[in-house]
Amino acid sequence: MEMSGPGVSRHSCTVKRRRWGRLRQQWKLLGLFEIDQQHEFYSLTCMMKEGLCAAVQNTIDNPLPLSEDDYTLEVIQIHKDFKMETYAGPVFASLRRSLGMTEKEYQQSLSSEGSYLQFISNSKSKADFFLTNDKRFFLKTQSKREVRFLLSNLRIYMEHLEKYPHSLVHVVFCVQKYFIVMQSVFYPDDRITARYDIKGCEVSRWTAPAPEGSQIIVVLKDLNFEGQFIQLDQQCPWLLRQVEIDTAFLQTLNVLDYSLLLAHQPLHQDELSQSLSFATLIMRAKKSVNATSSPTPTSQNRRLLPNFKNPLHVIDGPEQRYFIGIIDIFTVYGFKKRLEHLWKSLRHPRQTFSTVSPPAYCHRLCQWVQDHTK
């Protein structure tokens, strides 16, 4: 029986407010804060949502084949209280299509009615981190220099992803002025039990874990992982090889300070079985082959992708599901970083720290993965 009337309406609103209140409280416990009207970033995120919605609509309305000019395309859209400049929009739209993501799906996540969330990171970066309400996409403020670095290497980046469509180098979906949109490596995160940010060194690479029984999200570091292993069994060789490929690519860009994000969750009982039906094998094989926009068979080091919402960053071991990706690829080894390397060498003799040359950084992270994977 359907009931209506003022009393029922008030009751319904009260229930919704209570549910919303409980959800907000859970977010605070997890280190996430709803960006409501009282939040300092409310106006900014409202503009971001409006601008992103319009920018994606532009790619929906103009689904043209990708051209070389698109790599340097800058589109300015004027809104009531601000203007939004989008860089290389068609290129990133092409990238999203190659991953099986529709523009409508992407737009809906970025501009849904639910408020963005602020993520309180323990990173030393001065960047601000936001999450879409469904926690599928990260939005991170960037410096003009970092954005220009990415755009100047965008063609090389896309060629790498075309050649190695199962790359762990974290996919950037969009660049605006001046922030980027990225799919979260840890999506969906409902059962993740631990998260790590790995750089392969020792100095400042330990974080106090959350108190036992607490729901607070703490991203742990290298020293917190000591004594543990990424247990992949048959997929171990693939991971070692892909990390070698990706870090060698980042070395050619002369960058350092990137991180290997790592998280794990226990497999459900019905996921522990390694036997797959023929139909499932065909479906996963098709997903693995189609995860590239390249029309030529140039891709290498493929694996059988899981039937999962975030397949490029998900690897199932015998007992655990791992979320793995390489992020923060914008730090160039220039004069400032060379001076920082010299200073840290004097301050931390015989200890490993993050600021080293790109070849040394590449080798060290590969060695860490090799030592901690089996």
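This chain uses plain numbering: 1 for the first residue, then up along the sequence.
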Discussion item. Under 4.0 Å between a side-chain nitrogen and a carboxylate oxygen: does that hold for Arg321 and Asp316?
Written reply: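 Looking at Asp316 together with Arg321, the answer is yes, because their closest N to O distance falls below 4.0 Å.
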Discussion item. Taking the basic N atoms (NZ, or NE/NH1/NH2) and the acidic carboxylate oxygens, is any pair closer than 4.0 Å for Asp128 and Lys140?
Written reply: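 So Asp128 does not pair with Lys140 through a salt bridge.
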Donor-acceptor pairs under 3.5 Å, side chain of residues 242-251 to any protein atom, not counting sequence neighbours: which ones?
| residue | atom | partner | partner atom | Å |
| --- | --- | --- | --- | --- |
| Gln242 | OE1 | Asn301 | ND2 | 2.9 |
| Gln242 | NE2 | Asp246 | OD1 | 3.1 |
| Gln242 | NE2 | Asp246 | OD2 | 3.4 |
| Asp246 | OD1 | His160 | NE2 | 2.8 |
| Asp246 | OD1 | Ser167 | OG | 2.8 |
| Asp246 | OD2 | Ser167 | OG | 3.3 |
| Asp246 | OD2 | Leu168 | N | 2.7 |
| Thr247 | OG1 | Val243 | O | 2.7 |
| Thr247 | OG1 | Glu244 | O | 3.3 |

Please tell me whether [X] and [Y] are part of a single hydrophobic cluster in this structure, the criterion being side-chain heavy atoms less than 4.5 Å apart.
X: Ile156; Y: Val147; result: yes
X: Leu52; Y: Leu99; result: yes
X: Tyr196; Y: Phe129; result: yes
X: Met47; Y: Tyr42; result: yes
X: Phe179; Y: Val75; result: no

With rounding to the nearest 0.5 angstrom, report the [atom1] to [atom2] distance, [X] to [Y].
X: Leu110; Y: Met48; atom1: CG; atom2: CE; value: 9.0 Å
X: Glu146; Y: Leu151; atom1: CD; atom2: CG; value: 12.0 Å
X: Phe149; Y: Leu154; atom1: CZ; atom2: CG; value: 11.5 Å
X: Lys104; Y: Met101; atom1: NZ; atom2: CE; value: 15.5 Å
X: Glu340; Y: Leu256; atom1: CD; atom2: CG; value: 8.0 Å
X: Ser259; Y: Ile329; atom1: OG; atom2: CD1; value: 11.5 Å

Check whether the ring centres of [X] and [Y] lie less than 6.0 Å apart, and answer yes or no.
X: Tyr361; Y: Tyr258; result: yes
X: Phe225; Y: Trp206; result: no
X: Phe173; Y: Phe92; result: no
X: Phe138; Y: Phe119; result: yes

Discussion item. Here's one to test your reading of the geometry: is the NZ or CZ of Lys374 within 45 degrees of the ring axis of Phe229 and under 6.0 Å from its centre?
Written reply: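 Yes, cation above the ring, under 6.0 Å and within 45°.
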Fill in: Axial cation check for Phe335 ring with Arg338, 6.0 Å and 45° limits
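No, Arg338 does not lie over the aromatic ring of Phe335.
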Provide the closest heavy-atom pair for [X] versus [Y] in the form atom of the first, atom of the second, distance.
X: Pro266; Y: Arg191; result: O-NH1, 2.6 Å
X: Tyr106; Y: Cys174; result: OH-CB, 3.2 Å
X: Ser115; Y: Glu34; result: OG-OE2, 3.5 Å
X: Pro188; Y: Phe308; result: CD-CE2, 3.6 Å
X: Asp233; Y: Pro318; result: CB-CG, 3.7 Å
X: Val369; Y: Leu260; result: CG2-CD2, 3.9 Å

Can you give me every donor-acceptor pair (side chain of residues 80-89, partner residue at least two apart or in another chain, under 3.5 Å) with its distance?
| residue | atom | partner | partner atom | Å |
| --- | --- | --- | --- | --- |
| Thr86 | OG1 | Gln176 | OE1 | 2.8 |

Worksheet item: Counting only heavy atoms not in His363, do more than 12 sit closer than 6.0 Å to its NE2 atom?
Response: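 Open: at most 12 neighbouring heavy atoms sit under 6.0 Å from NE2 of His363.
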Discussion item. side-chain hydrogen bond (donor to acceptor under 3.5 Å, both in side chains) for Gln183 and Asn310? Distances and angles first, verdict last.
Written reply: CA-CA 9 Å; Gln183 180 163 258; Asn310 188 16; 3.0 Å; yes
Worksheet item: Would you say the side chains of Asn133 and Ser112 form a donor-acceptor pair under 3.5 Å?
Response: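 No, no side-chain donor-acceptor pair sits under 3.5 Å.
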Worksheet item: Should the pair Phe130 and Phe41 be assigned to parallel (<30°), tilted (30 to 60°) or perpendicular (>60°) ring geometry?
Response: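 It falls in the perpendicular class, over 60°.
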Fill in: CA sep, side-chain torsions, deciding dist, call: Gln228, His372, side-chain hydrogen bond (donor to acceptor under 3.5 Å, both in side chains)
CA-CA 7 Å; Gln228 302 181 64; His372 293 83; over 6 Å; no
Discussion item. I'd like to check Ile315 versus Arg303 (side-chain heavy atoms, cut-off strictly below 4.5 Å). Are they in contact?
Written reply: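 Yes; the side chains approach each other to less than 4.5 Å.
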Worksheet entry | Gln320/Gln265 under side-chain hydrogen bond (donor to acceptor under 3.5 Å, both in side chains): CA gap, chis, key distance, verdict | CA-CA 6 Å; Gln320 296 278 338; Gln265 64 179 206; over 6 Å; no
Worksheet item: According to the salt bridge (charged side-chain N to carboxylate O under 4.0 Å, His left out) rule, which pairs have a member within residues 61-74, sequence neighbours left out?
Response: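 Residue pairs passing salt bridge (charged side-chain N to carboxylate O under 4.0 Å, His left out), neighbours aside: Glu68-Arg155, Glu74-Arg148.
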Item to complete: Keeping the roles fixed (side chain from His39, backbone from Gln118), state whether a donor-acceptor pair exists under 3.5 Å.
Response: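 Such a contact is absent between His39 side chain and Gln118 backbone.
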Item to complete: Take Asp222 and Lys199 through the test salt bridge (charged side-chain N to carboxylate O under 4.0 Å, His left out) and record every step on the way to the result.
Response: CA-CA 7 Å; Asp222 303 59; Lys199 293 183 182 290; over 6 Å; no
Practice prompt. Apply side chain to side chain donor-acceptor pair (under 3.5 Å) to Lys49 and list each qualifying residue two or more places apart in sequence or on a separate chain.
Written response: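 Side chain to side chain donor-acceptor pair (under 3.5 Å) list for Lys49, sorted by chain: empty.
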Practice prompt. Kindly write out the residues that satisfy side chain to side chain donor-acceptor pair (under 3.5 Å) with Thr252, not counting sequence neighbours, or none if the list is empty.
Written response: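 So Thr252 forms no side chain to side chain donor-acceptor pair (under 3.5 Å) with any residue.
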Practice prompt. Test Lys221 against Glu226 for salt bridge (charged side-chain N to carboxylate O under 4.0 Å, His left out), laying out the working first.
Written response: CA-CA 9 Å; Lys221 298 182 180 180; Glu226 285 308 299; over 6 Å; no
Worksheet entry | Qualifying residues under side-chain contact (heavy atoms from CB on, under 4.5 Å), relative to Thr59, sequence neighbours excluded |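 Thr59 satisfies side-chain contact (heavy atoms from CB on, under 4.5 Å) with Val56, Ala93, Arg96, Glu103 once adjacent residues are dropped.
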